[in-house]
**Student:** 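Before anything else, here's the structure in question.
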Amino acid sequence: GVQDDRIQVIPCGVDQPRFESATVDTAVIRSKYGIPLDKFTYITVGRNHPKKGFPVLLDAMAEMKRAGTLADTHVALVGRGMSELKNKATELGIDDHLTLIEELGLDPNDREYEIPSTPLVELYRSVDACVFPSLIETFAMINIEAMAAGIPVVSTDAPGCIETIVDGVDGLIAKAGDPIDLARKMEQLQSSADLRSTLSANGSDTVRNSFSWDVVGRQFESLYLSLI
C-alpha cells in the first residue's frame, strides 16, 4: 500500500464568484419551469441513478405529507431521467409538490463552455434551499454549488457528502437512506429563517475557504512544486 504521508486529498472546486454575481429574476425563472412562487422550494440535481437516493427524497416528502408539513413545500429535481420518478410521486400523492426537469444544458447565449450551465446557476439562485439525498458519492459537487449560490443545504452522511458539510454549522445532515430523518431535517430548515440565514452565510464561507478555485488551485500548485 501507499504510506499515509504520501497521500494528499485535494477537493473539487467551484467558481464561487460566478454564482454570486448571477443576477436573476426569481419570478421569471420559476415561471419558466413551472415552479410556484409561493412555495418553499428545494433544488436537487443529478442523474436519476439508484445511488443518488431520489426515491428516498420522495418518501421523505410523503412522510412530511403524513405529518402535515408538506403543504408549503416544493422540490425541483433536475437531471437526466427525472421523469421516471413521476409514477412513484403520483402513487405517494406528492406529484403536485414536484417539478421534474431533465438536464439543463448550455444557454445558447453562453460564449464560453462552463459547468454548471448558466440555466442551472440561475435555477440555484431562484430557489430557497438544496436537498441532496445521495447514498454514495465520490464528491458531492451539488452541495458546494448550492453553498456557492448562497442557499442552505440538507444532505446526508453518505461517503462523498459528509466531507462537504459540518452538521448544524454550514448545512444539515440526515442519515443516508432514511426518509424519516430526511423529512425531519427539511422541516427543521423550513421552520427557522435564522437557521437558514446562518447556514447560508457559513456555507458561503466554507466554499470561499475550502472549495473555491483559488484555494484548490493553490493546493494543486503546492503539490506539483513539492514533487519537482
**Student:** Where do P159 and E163 come nearest, in terms of heavy atoms and distance?
**Tutor:**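 Smallest interatomic distance, heavy atoms only, reads C-OE1, 3.8 Å.
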**Student:** Using a strict threshold of under 4.0 Å (side-chain N to carboxylate O), is an ion pair present between K51 and E137?
**Tutor:**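 Salt bridge between E137 and K51, a charged N being under 4.0 Å from a carboxylate O: no.
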**Student:** Check whether any side-chain heavy atom of F211 lies under 4.5 Å from a side-chain heavy atom of C12, and answer yes or no.
**Tutor:**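 No, too far: nothing below the 4.5 Å cut-off.
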**Student:** Which ring-ring contact (aromatic ring centres under 6.0 Å, His included) pairs, counting each pair once, include a residue from residues 165-194, with sequence neighbours left out?
**Tutor:**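 Residue pairs passing ring-ring contact (aromatic ring centres under 6.0 Å, His included), neighbours aside: none found.
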**Student:** As an exercise, state the distance from NZ of K32 to CG of D25, rounded to the nearest 0.5 Å.
**Tutor:**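 Separation between the atoms: 12.0 Å.
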**Student:** So, using side-chain hydrogen bond (donor to acceptor under 3.5 Å, both in side chains) as the criterion, who are the partners of R196 when residues are at least two apart?
**Tutor:**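 side-chain hydrogen bond (donor to acceptor under 3.5 Å, both in side chains) check on R196 returns nothing, list empty.
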**Student:** Looking at A183 and M64, what are the two nearest heavy atoms and their distance?
**Tutor:**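 Heavy atoms of A183 and M64 come nearest at CB-CG, 3.7 Å.
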**Student:** Would you give the length of the straight line joining atom CG of L195 to atom OG of S197, rounded to the nearest 0.5 angstrom?
**Tutor:**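 Here the rounded value is 9.5 Å.
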**Student:** Listing request: all salt bridge (Lys or Arg N to Asp or Glu O under 4.0 Å) pairs with a residue in residues 1-11, at least two apart in sequence or in separate chains.
**Tutor:**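 Of all non-adjacent pairs touching residues 1-11, none passes salt bridge (Lys or Arg N to Asp or Glu O under 4.0 Å).
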**Student:** Just how far is it from atom CD1 of I144 to atom SG of C130, taken to the nearest 0.5 Å?
**Tutor:**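 Atom-to-atom, I144:CD1 and C130:SG are 11.5 Å apart.
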**Student:** How many angstroms lie between NZ in K52 and CZ in F132, if you round to the nearest 0.5 Å?
**Tutor:**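 Result: 4.5 Å between the selected atoms.
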**Student:** Name every donor-acceptor pair, under 3.5 Å, that has one atom in a side chain of residues 92-100 and the other anywhere in the protein, sequence neighbours excluded.
**Tutor:**
| from | atom 1 | to | atom 2 | distance (Å) |
| --- | --- | --- | --- | --- |
| H97 | ND1 | L70 | O | 3.4 |
| H97 | ND1 | T73 | O | 2.9 |
| T99 | OG1 | H74 | NE2 | 2.7 |

**Student:** Please tabulate, for side-chain N and O atoms in residues 213-227, each donor-acceptor pair with protein atoms closer than 3.5 Å (sequence neighbours left out).
**Tutor:**
| from | atom 1 | to | atom 2 | distance (Å) |
| --- | --- | --- | --- | --- |
| S226 | OG | L223 | O | 2.6 |

**Student:** As a quick check of understanding, evaluate side chain to side chain contact (heavy atoms under 4.5 Å, CB included) for D170 and D205, giving each step before the final call.
**Tutor:** CA-CA 9 Å; D170 50 18; D205 288 342; over 6 Å; no
**Student:** Would you mind reporting whether M147 and I165 have side-chain heavy atoms less than 4.5 Å apart?
**Tutor:**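 I165 vs M147: side chains touch.
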**Student:** Let me see the working for Y42 and L57 under side chain to side chain contact (heavy atoms under 4.5 Å, CB included), right down to the final yes or no.
**Tutor:** CA-CA 11 Å; Y42 293 90; L57 173 56; over 6 Å; no
**Student:** Heavy atoms only: give me the nearest T26-S126 pair and the separation to one decimal.
**Tutor:**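 Minimum heavy-atom separation between T26 and S126: CG2-O, 3.5 Å.
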**Student:** Could you go step by step and tell me if I101 and L123 meet the side chain to side chain contact (heavy atoms under 4.5 Å, CB included) rule?
**Tutor:** CA-CA 11 Å; I101 305 170; L123 194 52; 3.9 Å; yes
**Student:** Within the distance-only criterion (no hydrogens, no angle test), does the side chain of R18 pair as donor or acceptor with the backbone N or O of P116 below 3.5 angstrom?
**Tutor:**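 Confirmed, R18 side chain pairs with P116 backbone.
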**Student:** Applying ring-ring contact (aromatic ring centres under 6.0 Å, His included), which residue pairs with at least one partner in residues 145-177 are found, sequence neighbours left out?
**Tutor:**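 Pairs touching residues 145-177 that pass the test: none.
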**Student:** Roughly how far, to the nearest 0.5 Å, is the CG atom of L182 from the CE atom of M61?
**Tutor:**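 So the gap between those two atoms works out to 10.0 Å.
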**Student:** Among all residues two or more places apart in sequence or in another chain, which pass the side-chain hydrogen bond (donor to acceptor under 3.5 Å, both in side chains) test with T41?
**Tutor:**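 If we apply the side-chain hydrogen bond (donor to acceptor under 3.5 Å, both in side chains) test to T41, skipping adjacent residues, the hits are R30.
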**Student:** Taking only residues two or more places apart in sequence, or in another chain, which ones meet D15 in a side-chain hydrogen bond (donor to acceptor under 3.5 Å, both in side chains)?
**Tutor:**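 Testing D15 for side-chain hydrogen bond (donor to acceptor under 3.5 Å, both in side chains), a comparison that skips the adjacent residues, returns none.
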**Student:** Taking K39 for the side chain and A71 for the main chain, is one N or O donor matched with an acceptor at less than 3.5 Å?
**Tutor:**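 Answer holds: yes.
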**Student:** Would you name the heavy atoms of I35 and A76 that are closest together and state the gap between them?
**Tutor:**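 In this case the closest contact between I35 and A76 is CD1-CB, 3.9 Å.
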**Student:** Where do V131 and T44 come nearest, in terms of heavy atoms and distance?
**Tutor:**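 Smallest heavy-atom distance, with atoms named: O-OG1, 2.7 Å.
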**Student:** Can you pull the side chain to side chain donor-acceptor pair (under 3.5 Å) pairs that have at least one residue in residues 143-160, sequence neighbours excluded?
**Tutor:**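 Sorted result for residues 143-160: Y124-E145, N143-S155, N143-T164.
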**Student:** List, one per line, each side-chain donor-acceptor pair under 3.5 Å for residues 80-89, sequence neighbours excluded.
**Tutor:**
| from | atom 1 | to | atom 2 | distance (Å) |
| --- | --- | --- | --- | --- |
| R80 | NE | E103 | OE1 | 3.4 |
| S83 | OG | E102 | OE2 | 3.2 |
| K88 | NZ | D59 | OD1 | 3.1 |

**Student:** Can you confirm whether F19 sits close enough to S204 that some side-chain heavy atom of one is under 4.5 Å from a side-chain heavy atom of the other?
**Tutor:**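 F19 does not reach S204 side chain to side chain.
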**Student:** Using a strict cut-off of less than 4.0 Å between a Lys/Arg side-chain nitrogen and an Asp/Glu carboxylate oxygen, indicate whether D181 and R184 qualify as a salt bridge.
**Tutor:**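 Result for this pair is no, no salt bridge flagged.
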**Student:** Determine the minimum heavy-atom distance between G177 and L135, stating which atoms define it.
**Tutor:**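 So the two residues come closest at N-CD2, 3.5 Å.
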**Student:** Can you list the residues that meet the side-chain hydrogen bond (donor to acceptor under 3.5 Å, both in side chains) rule with T69, with sequence neighbours excluded?
**Tutor:**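 For T69, the residues satisfying side-chain hydrogen bond (donor to acceptor under 3.5 Å, both in side chains) (neighbours in sequence not counted) are E187.
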**Student:** Taking transitive links into account, so neighbours of neighbours count too, which hydrophobic residues share a cluster with V28 at under 4.5 Å side-chain distance?
**Tutor:**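 Grouped by the 4.5 Å side-chain rule, V28 forms a cluster of one, so the answer is none.
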**Student:** Between OG1 of T23 and CD of E122, what distance do you get to the nearest 0.5 Å?
**Tutor:**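 Between atom OG1 of T23 and atom CD of E122 there are 9.5 Å.
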